[in-house]
Amino acid sequence: MKILVCISHVPDTTSKINFTDGDTKFDTNGVQFVINPNDEFGLTRAMWFKEKQGASVDVVNVGGPETEPTLRKALAIGADNAIRVNTEATDGFFVAKQLAKVVQDGGYDLVIGGRESIDYNGGMVPGMVAAITGANFVNTCIGLEIEGDTATAIREIDGGKETSTTKLPLVVGGQKGLVEESDLRIPNMRGIMMARKKPLTVVEPVGAEQETKAVQFQKPAPKGDVKLVSPDNVQELIDLLHNEAKAI
């Protein structure tokens, strides 16, 4: 079984975010980048298929040379090969077109991507990759087993879980729950050394229209002042919740 894991290069959530050029561009200065958390769950599940079922695992990213340390980390975790599509990741459709070309050229049986990336939170790329390649698709996936060419997937739905069976090829939008957080892997020294020798292939992008454009970024408004109410004055608290906060 050939598995492709889509890796997004995203800012660590502890990084301070700023914008430049009139709030039209993201300022990367001083920002630590990591593997997108939803993708990390998928990568860990792919490692399980590699170890238990002998699957081969490739990772792919759409981005410039600055994303290669993130791909190398995925190789250090255990992926066999890395592919970087040499172009800036603009909108979701453009990224999906690039990934779909890699999927079609590689003949992958299973493609695992994150349900969404934590930077733009679009949540659209895995579904578009499935549509372009003609593969089956399961989103918000929190459980996945493969037996032959049949996949059994558990996905999160409103109020519960849904179990589905489908045939490969399959695209999965994974998230927290696909593996336990305690199972996520940290590269060890041996993995880091081996990752230096693993192939990282750079491919040029295919033509695709950019359907959307970011016009401006805006930070959330700062939180307002806190009003403290004496525990002895319950009526004042009720009045504030009713008349000012409109919570009751």
### Query
Around atom CD of Glu88, are there more than 12 heavy atoms of other residues, nucleotides or ligands at under 6.0 Å?
no
### Message
For Met47, run the side chain to side chain contact (heavy atoms under 4.5 Å, CB included) check against Ile3, Val5, Val57, Val179 and tell me which one passes.
### Response
Val57
### Query
Between the side chain of Asn136 and the main-chain N/O of Thr166, is any donor-acceptor distance below 3.5 Å?
no
### Query
Taking atom types as modelled and ignoring hydrogens, do the side chains of Ser56 and Lys50 form a donor-acceptor contact shorter than 3.5 angstrom?
no
### Task
First locate atom CG of Asp12, then atom CD1 of Ile17, and finally report the distance between them rounded to the nearest 0.5 Å.
9.0 Å
#### Entry: Nearest-0.5 Å distance, CE of residue Met124 to OG of residue Ser117
9.0 Å
### Expected output: side-chain His9 to main-chain Thr70 donor-acceptor under 3.5 Å
no
### Task
Take Glu68 and Arg84, measure what salt bridge (charged side-chain N to carboxylate O under 4.0 Å, His left out) needs, and give me the verdict at the end.
CA-CA 8 Å; Glu68 291 190 5; Arg84 179 174 66 83; 2.9 Å; yes
### Message
Using a 3.5 Å distance criterion without hydrogens, assess whether the side chain of Thr163 forms a donor-acceptor pair with backbone atoms of Ile154.
### Response
no
### Considering all heavy atoms, the nearest Leu110-Phe49 contact
CD2-CE1, 4.2 Å
## Note on the structure
Closest non-hydrogen atoms of Ile132 and Ala100, given as atom of the first, atom of the second and distance, are CG2-CB, 3.6 Å
### Message
Show the nearest heavy-atom pair for residues Phe26 and Pro11, with the distance to one decimal.
### Response
CZ-CG, 3.8 Å
#### Entry: Sequence-distant partners of Lys198, salt bridge (charged side-chain N to carboxylate O under 4.0 Å, His left out), two or more places apart
none
### Message
Between Tyr120 and Asp91, do the side chains contain a donor N or O and an acceptor N or O under 3.5 Å apart?
### Response
no
### Query
What distance separates Asp183 CG from Leu178 CG, expressed to the nearest 0.5 Å?
10.5 Å
## Note on the structure
Asp58 and Asp80 have their tightest heavy-atom pair at OD1-CB, 4.3 Å
### Task
Run the salt-bridge test on Asp109 and Lys2 with the 4.0 Å N-O cut-off and return the result as yes or no.
no
### Query
Nearest 0.5 Å, what's the CE-CZ distance between Met128 and Phe94?
12.0 Å
### Message
Quick check for you: to the nearest 0.5 Å, what is the distance between Ile77 atom CD1 and Arg185 atom CZ?
### Response
8.5 Å
#### Entry: Within residues 138-148 or reaching into it, pairs that qualify as side chain to side chain donor-acceptor pair (under 3.5 Å) - sequence neighbours excluded
Arg45-Glu145
#### Entry: NZ-CD distance between Lys176 and Glu40, expressed to the nearest 0.5 angstrom
13.0 Å
### Message
With a 6.0 Å cut-off (strictly less than), is the heavy-atom count around NZ of Lys197, excluding the residue itself, greater than 12?
### Response
no
### Message
If only side-chain N and O atoms count, and only distance matters, is there a donor-acceptor pair under 3.5 Å linking Thr67 with Asn61?
### Response
yes
### Query
If you measure only the distance, is there a donor-acceptor pair under 3.5 Å linking the side chains of Asn36 and Ser8?
no
